[in-house]
Amino acid sequence: MVLTESMREALRLAQDSVEAGGGPFGAVIVRGDEIVAGGCNQVVEARDPTAHAEVLAIRNAARKLGTHDLSGCRIYTSCEPCPMCLGAIYWARLESVTYGALRSDASEVGFDDELIYDEIQLPLEERRLKFEQEGHAEALKVLRAWRAKADRMEY
C-alpha cells in the first residue's frame with residue numbers, strides 16, 4: 001500500500017523523535033491537501049506527561065490557524081491514539097483520524113494504555129484512582145455564571 005504524504009510525515013516525525021531520544025510517536029494536522037502542523041512525542045524532554053504527538057500537533061495547528069476549532073481538519077498519527085489524545089481529538093473537532101500502528105502494537109513495546117481504557121468504563125467508585133466530590137454548590141455557581149455571560153465564547 002502506498003502511504004499518503006501526510007502519513008509519511010507523521011512517521012518521519014516519529015522516527016526523528018526516536019533518533020533524538022524521544023518516544024516513537026508523530027502526528028500531523030491536515031486541512032485540505034496542506035499539512036498545517038505537526039508534533040512528536042516530547043513527554044520526557046518537556047517533562048510533561050501530556051506532551052504526546054497528537055496533543056502537540058493539535059496545539060500547533062490551533063496556534064497557526066488562530067482557532068481552537070479544527071473542524072474541517074484531519075489528523076494523521078503514527079499510532080492509534082491513547083485515551084487522552086483521543087479526547088483532545090474530539091475536543092478539537094477533527095473530522096477524521098488516520099493511524100499507523102495499533103494500540104496493541106504500542107503495548108508490545110511498552111506503551112500500554114489498556115488500564116485507562118478499562119478504567120473509563122468503570123463506575124467512579126470502582127476505579128483505582130480515588131474520586132471525591134467537594135464544593136458542588138460553589139462549582140455550580142461558576143458554571144452558571146459562565147452560562148449567563150452574554151459574551152461567552154462557546155467551545
Side-chain angles (χ1 to χ4, degrees), residues 1-124 126-129 131 142-143 146-147 149-155:
M1 178 179 187
V2 177
L3 296 176
T4 62
E5 176 187 341
S6 300
M7 182 55 77
R8 277 196 307 275
E9 180 62 9
L11 292 169
R12 184 194 64 76
L13 288 168
Q15 184 62 44
D16 288 353
S17 179
V18 169
E19 291 171 7
F25 305 101
V28 296
I29 304 293
V30 176
R31 183 171 67 179
D33 293 329
E34 176 192 0
I35 294 175
V36 174
C40 62
N41 185 285
Q42 295 182 3
V43 169
V44 175
E45 302 92 317
R47 294 173 181 82
D48 178 355
T50 69
H52 289 202
E54 297 90 339
V55 170
L56 295 177
I58 289 168
R59 289 176 185 166
N60 293 337
R63 237 181 263 113
K64 182 174 181 179
L65 297 173
T67 181
H68 63 278
D69 185 344
L70 299 179
S71 296
C73 294
R74 303 176 312 281
I75 189 166
Y76 289 77
T77 180
S78 61
C79 188
E80 185 178 358
C82 75
M84 177 185 69
C85 293
L86 187 57
I89 288 165
Y90 276 104
W91 282 116
R93 294 184 176 86
L94 294 168
E95 70 179 32
S96 68
V97 178
T98 302
Y99 61 93
L102 299 167
R103 68 188 200 209
S104 58
D105 299 325
S107 177
E108 289 177 15
V109 299
F111 297 93
D112 190 357
D113 299 323
E114 284 308 308
L115 168 69
I116 301 169
Y117 282 104
D118 292 343
E119 288 279 306
I120 288 171
Q121 297 178 53
L122 294 174
L124 292 177
E126 292 180 26
R127 294 182 184 174
R128 293 181 188 194
L129 186 62
F131 281 77
V142 176
L143 290 172
W146 178 83
R147 187 67 177 157
K149 281 181 58 97
D151 64 343
R152 72 181 175 276
M153 174 72 78
E154 299 277 350
Y155 59 96

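Side chains are part of it too, since the values below use all heavy atoms of this structure and drop only hydrogens, waters and symmetry mates. Residue numbers run from 1 in the order of the sequence given. Note that this is a predicted model, so its numbers are computed, not measured.
- The heavy-atom pair separating Ala61 from Ala37 by the smallest distance is N-CB, 3.4 Å.
- Note that CG of Leu86 and CD1 of Ile116 are 11.5 Å apart. Values are rounded to the nearest 0.5 Å.
- When side chains are defined from C-beta on, Pro24 counts as touching Phe111, because their heavy atoms get closer than 4.5 Å.
- Residue Gln42 forms a side-chain contact (heavy atoms from CB on, under 4.5 Å) with just one option from Thr50, Val55, Leu56, and that option is Leu56.
- Of all the heavy atoms in Met153 and Trp146, the pair that sits closest is O-CZ2, 3.7 Å.
- Contact detail for Ser6 and Val28: the closest heavy-atom pair is O-CG2, 3.5 Å.
- Distance OH/Tyr155 to CZ/Arg93: 10.0 Å, rounded to 0.5 Å.
- For the residue pair Ala27 and Ala57, the shortest heavy atom distance occurs at O-CB, 3.7 Å.
- Pairing each heavy atom of Cys79 with each of Leu102, the nearest pair is SG-O, 3.7 Å.
- In this structure, CZ on Arg103 lies 8.0 Å from CG on Asp113, to the nearest 0.5 angstrom.
- Taking CG of Asp112 as the reference point, atom OG of Ser104 lies at 10.0 Å (rounded to 0.5 Å).
- Expressed to the nearest 0.5 Å, how far OG of Ser107 lies from CD of Glu114 amounts to 7.0 Å.
- Of all non-hydrogen atoms in Arg127 and Ile120, the two that sit nearest each other are NH2-O, 3.2 Å.
- The main-chain N or O of Gly38 is found under 3.5 Å from a side-chain atom of Asn60 such that the two form a donor-acceptor pair.
- Between Tyr99 and Tyr76, a ring centre-to-centre spacing not shorter than 6.0 Å is recorded.
- Between the Thr67 side chain and the Ala62 main chain, no donor and acceptor come within less than 3.5 Å of each other.
- A donor-acceptor distance shorter than 3.5 angstrom exists from the side chain of Arg152 to the backbone of Arg147, with no hydrogens or angles considered.
- Looking at heavy atoms from C-beta onward, Ile29 lies in side-chain contact with Ile58 at the 4.5 angstrom threshold.
- Rounding to the nearest 0.5 Å gives a distance of 11.5 Å between CD of Glu95 and CZ of Arg31.
- Salt bridge Arg12/Glu9: present, at least one basic N to carboxylate O contact under 4.0 Å.
- Looking only at side-chain heavy atoms (C-beta outward), Ile75 and Ser96 stay at 4.5 Å or farther from each other.
- Between Cys82 and His52, the closest side-chain pair of non-hydrogen atoms falls below 4.5 Å.
- In terms of modelled atom types and a separation under 3.5 Å, the side chain of Ser78 and the main chain of Leu11 share no donor-acceptor contact.
- Taking the side chain as every heavy atom from C-beta outward, Tyr117 and Pro83 approach each other to under 4.5 Å.
- Although no hydrogens or angles enter the test, the distance criterion places a donor-acceptor pair under 3.5 Å between the side chain of Arg74 and the main chain of Gly32.
- A 4.5 Å side-chain heavy-atom check between Leu115 and Arg128 finds at least one atom pair inside the cut-off.
- Residues Leu70 and Leu65 form a side-chain contact, since some pair of their non-hydrogen atoms from C-beta on lies under 4.5 Å apart.
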